[in-house]
Protein chains: 2
Amino acid sequence: MGKATATRTLKNFNPRAMEIFREVVRMGSVTSAAKKAGLGQPAASRLIAQFEQDVGFELFHRDKGRLTLSPDGLLLYDEVVRALDNIARVRILASDIAEFRSGQLRIVAPPSLLEGFLSEIAADFLKLYPKVRLTLESGGVDTVKAMIASRAVDAGFVKLPLERTDLTAESILECGTTCVIPAQHELAQAKSVDAVALRNVPLILLGLGSSSRAQVEAAFATAGVVPTVLVETHTIGSACALAARGVGIAIVNHALASAYVRDQIILRPFVPDIRQDYAFVTADPTPSRLAKAFLECCKASLLNK
Amino acid sequence: MGKATATRTLKNFNPRAMEIFREVVRMGSVTSAAKKAGLGQPAASRLIAQFEQDVGFELFHRDKGRLTLSPDGLLLYDEVVRALDNIARVRILASDIAEFRSGQLRIVAPPSLLEGFLSEIAADFLKLYPKVRLTLESGGVDTVKAMIASRAVDAGFVKLPLERTDLTAESILECGTTCVIPAQHELAQAKSVDAVALRNVPLILLGLGSSSRAQVEAAFATAGVVPTVLVETHTIGSACALAARGVGIAIVNHALASAYVRDQIILRPFVPDIRQDYAFVTADPTPSRLAKAFLECCKASLLNK
DNA sequence: CTATTCCATGCTAAATGCGCATATGAAGAT
DNA sequence: ATCTTCATATGCGCATTTAGCATGGAATAG
């Protein structure tokens with residue numbers, strides 16, 4: 001019996017019944033209420049009858065074939081409306097969440113990425129999901145990894161290899177290394193550029209990522225060329241700006257440089273091909289939907305380039 | 001399609017699914033949540049899956065065979081709990097109404113009734129249904145009828161005949177007329193008392209109800225006796241009190257006098273039998289459940305006398 | 001390596017819900 | 001007075017849904 005009661009109580013307070021109840025009160029008749037609720041009159045009649053049995057008293061007086069709200073029903077009515085409104089709010093909130101009109105997303109990346117294409121992608125993302133509160137953090141490689149691992153942020157961008165087992169990475173951008181050459185420079189005619197071609201050519205190198213810088217140095221060493229490093233800088237933007245002013249040739253990540261191409265500079269592949277792989281990294285192997293959406297946004301943005 | 005959507009939206013936000021969702025969050029596992037909700041684990045699993053499909057996003061991450069609440073799910077959770085609480089409140093309120101722990105009841109009656117047994121019945125009623133807000137009004141016969149008809153009150157007590165077609169009456173108390181005799185009075189020995197026996201006996205009469213007073217007068221006239229009206233009063237209580245002090249003999253409604261019997265007085269039937277019929281009167285042929293309950297209370301109280 | 005725990009799914013039986021048709025009762029029209 | 005109309009209630013059959021049982025797969029503990 002106790003179980004039967006429990007089961008009943010769960011089943012009985014069907015929102016449909018409450019909904020029909022509300023409509024009947026509003027419309028004044030079962031027939032019109034049923035029509036408004038999109039079902040037939042018999043169904044509505046039965047729902048009302050069932051609901052009355054559930055609550056344990058008459059919601060309506062059957063007065064000459066018409067239904068009139070009873071005082072008891074009136075007492076219940078307000079509370080029913082409140083409950084239905086709250087259910088509606090759940091539905092609205094669910095829809096908001098589903099369509100990214102709610103929630104927040106924190107992303108971290110090295111400054112070079114933020115400065116370049118990430119800000120553009122962020123703009124695209126916010127255009128798609130305007131209600132999302134997006135936070136962009138920047139930090140060095142290790143800081144980025146630490147922030148992701150500690151879940152201070154939802155996701156981040158890191159150059160591979162990751163060398164950590166507690167993080168999940170999805171490669172989003174694999175590209176070679178490029179020489180940023182002033183348009184009037186003689187090497188601008190070359191199809192590609194190698195270390196030998198750069199002998200005695202003033203270079204602009206980035207000191208940031210140990211791995212990529214080391215690989216560039218290694219390429220020169222292999223070719224037996226001592227690089228003429230005129231400027232060491234720390235951002236792709238400044239490297240490209242220097243190249244554009246004819247200071248020298250910058251050797252940078254191809255994709256990142258793409259964001260800075262202007263009339264004054266052209267890009268030529270550097271050989272040997274030094275692959276640089278950036279990944280979208282999360283602490284959780286199954287990132288939040290917003291993070292996924294951001295990732296999709298990145299991919300879409302990169303495809304268009 | 002449109003209809004399908006409408007049906008879906010109605011059906012989908014099944015409280016069961018929300019309930020299971022809440023339990024899973026609270027318990028941390030589908031299995032325990034299912035057990036707590038009184039159904040099997042597969043059913044719960046399916047409900048969660050269906051609910052996720054309904055809301056349009058993942059409520060939980062399936063992480064190594066365990067379910068962990070997703071950030072999106074967390075966003076929804078509070079709102080779901082709120083909605084469920086409100087449904088619970090509807091259920092509680094319904095139960096309160098069904099068991100008379102809520103609501104209000106307004107009753108009107110002539111002062112003589114109120115003063116006598118009605119206050120006692122009201123006390124009984126409130127003992128049964130302590131949460132009901134009971135209002136007792138008093139008024140003259142026509143006032144009472146008007147208040148009932150205008151629905152300023154839920155029900156009232158009127159002496160029959162009612163002589164109105166817009167009111168519904170149920171007789172609750174039919175009794176004769178009684179002489180309230182001081183214990184030491186010689187007539188206290190008599191089995192019954194008629195007008196002749198009361199010749200030259202100081203009388204206490206009520207001037208209130210035209211019909212009953214007129215009937216008493218008529219009885220005397222028929223017997224050719226001129227009543228010796230020593231006191232005219234307006235309440236049964238005062239009439240009985242006067243009789244108790246030996247002022248005279250009161251001729252009053254039997255049932256109402258019963259409430260005032262004390263050592264000093266005894267009751268003897270007055271002949272001819274002047275029947276007085278009090279009724280429970282409502283404007284609506286189907287009175288509110290509280291009014292019905294009050295009526296039942298009256299009947300029970302009167303049966304015990 | 002096995003036992004246990006937990007979630008997901010295929011399958012079947014039962015319950016639920018809806019619509020259609022129809023009965024009943026009341027009010028209004030001819 | 002009878003008929004039409006309107007509104008609610010109910011019997012019946014079908015489609016959908018739901019629950020349970022049994023099973024499978026994956027991860028963890030011993």
Side-chain angles (χ1 to χ4, degrees), chain A residues 3-21 23-54 58-70 73 165 168 284-286, chain B residues 1-21 23-54 58-70 73 284-286:
Chain A
K3 179 159 190 182
T5 303
T7 305
R8 274 282 160 233
T9 40
L10 251 114
K11 283 215 71 145
N12 281 342
F13 273 75
N14 191 284
R16 311 175 76 90
M18 296 200 289
E19 201 140 352
I20 285 295
F21 170 57
E23 285 310 323
V24 171
V25 173
R26 284 181 176 167
M27 308 297 289
S29 89
V30 173
T31 308
S32 50
K35 195 159 48 186
K36 196 151 186 285
L39 43 81
Q41 173 268 322
S45 179
R46 262 186 276 261
L47 277 174
I48 290 293
Q50 187 208 324
F51 193 47
E52 281 185 322
Q53 192 169 329
D54 293 342
E58 271 192 343
L59 264 10
F60 299 93
H61 291 309
R62 270 70 174 174
D63 195 43
K64 308 196 220 295
R66 297 290 190 284
L67 292 189
T68 60
L69 188 60
S70 73
T165 60
T168 306
D284 201 319
T286 62
Chain B
M1 187 65 115
K3 180 160 189 179
T5 304
T7 304
R8 275 280 161 235
T9 40
L10 252 113
K11 280 215 72 146
N12 280 343
F13 273 75
N14 191 284
R16 310 173 76 90
M18 294 200 290
E19 199 138 358
I20 285 295
F21 171 55
E23 284 311 322
V24 171
V25 173
R26 284 182 174 167
M27 297 279 123
S29 89
V30 172
T31 307
S32 50
K35 194 159 48 184
K36 196 149 185 285
L39 41 81
Q41 172 269 321
S45 179
R46 260 187 276 262
L47 276 175
I48 290 294
Q50 186 207 323
F51 192 48
E52 282 185 323
Q53 190 170 330
D54 292 344
E58 272 192 342
L59 263 11
F60 299 94
H61 291 310
R62 270 70 175 175
D63 194 44
K64 307 195 221 294
R66 297 288 190 285
L67 291 190
T68 59
L69 189 60
S70 73
D284 201 319
T286 63

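Side-chain atoms are counted along with the backbone in the values below, which use heavy atoms only and exclude waters and symmetry mates. This is a predicted model, so every value here is computed, not measured. Letters A, B, ... are given to chains in the order of the sequence lines, protein chains preceding strands, and every chain is numbered from 1.
- Looking at Phe21(A) and Glu52(A), their side chains never come closer than 4.5 Å, going by heavy atoms from C-beta outward.
- The side chain of Arg16(A) has dC18(C) as its nearest neighbour among dG17(C), dT8(D), dC18(C).
- Side-chain contact check for Arg62(B) versus Leu67(B): some heavy-atom pair is nearer than 4.5 Å.
- Within the 4.0 Å cut-off from OP1 or OP2 of dC6(D), not a single side-chain nitrogen or oxygen of Thr31(A) is found.
- Note: Leu69(A) CG to Arg26(A) CZ = 13.0 Å, rounded to the nearest 0.5 Å.
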- request: Spell out protein contact along nucleotides 25-30 of chain D as letters: B when the base is contacted, S when just the sugar-phosphate is, - when no protein heavy atom is under 4.0 Å; keep the 5' to 3' order.
  value: --SS--

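- Nearest heavy-atom pair across Val30(A) and Ala44(A) is CG1-CB, 3.7 Å.
- Put simply, CD on Glu58(A) is 10 Å from P on dA9(D), counting in whole angstrom units.
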Val24(A) and Phe60(A): CA distance, side-chain angles, deciding distance, side-chain contact (heavy atoms from CB on, under 4.5 Å) verdict: CA-CA 10 Å; Val24(A) 171; Phe60(A) 299 93; 3.5 Å; yes

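- Atoms CZ (Phe60(A)) and P (dT8(D)) sit 10 Å apart, rounded to a whole Å.
- For Gln50(A), whose side chain is taken as the heavy atoms from C-beta onward, the closest listed nucleotide among dG17(C), dC7(C), dG20(D) is dG17(C).
- With a 4.5 Å cut-off on side-chain heavy atoms, Met18(B) and Asn14(B) do not count as touching.
- Summarising the geometry, the separation between CD1 on Ile20(B) and C1' on dC7(C) is reported as 14 Å, rounded to the nearest angstrom.
- Atom CD1 of Ile48(B) sits about 13.5 Å away from atom CD of Gln53(B), to the nearest 0.5 Å.
- Between the CZ atom of Phe51(B) and the P atom of dT17(D) there is a distance of 17 Å, given to the nearest Å.
- Contacts between residues 40-49 of chain B and DNA chain C, defined by a heavy-atom separation under 4.0 Å, are made by Gln41(B), Pro42(B), Ser45(B), Arg46(B).
- Computed from coordinates, the Asn14(A) CG to dT16(C) P distance equals 11 Å when rounded to whole Å.
- Closest approach to the Leu39(B) side chain among dT8(D), dC18(C), dA19(D) is made by dA19(D) (side chain taken as heavy atoms from C-beta onward).
- Listed by first and then second residue, the side chain to side chain donor-acceptor pair (under 3.5 Å) pairs involving residues 28-45 of chain A are Ser29(A)-Ser32(A) (not counting sequence neighbours).
- Rounded to a whole Å, the CG atom of Leu67(A) is 13 Å from the C1' atom of dC6(D).
- Look at CD on Gln53(B): it is 14 Å from P on dA8(C), rounded to the nearest Å.
- Between Phe21(B) atom CZ and dC7(C) atom C1' the separation is 17 Å, expressed in whole Å.
- At distances below 3.5 Å, at least one donor-acceptor pair connects side-chain atoms of Ser70(A) with backbone N or O atoms of Leu59(A).
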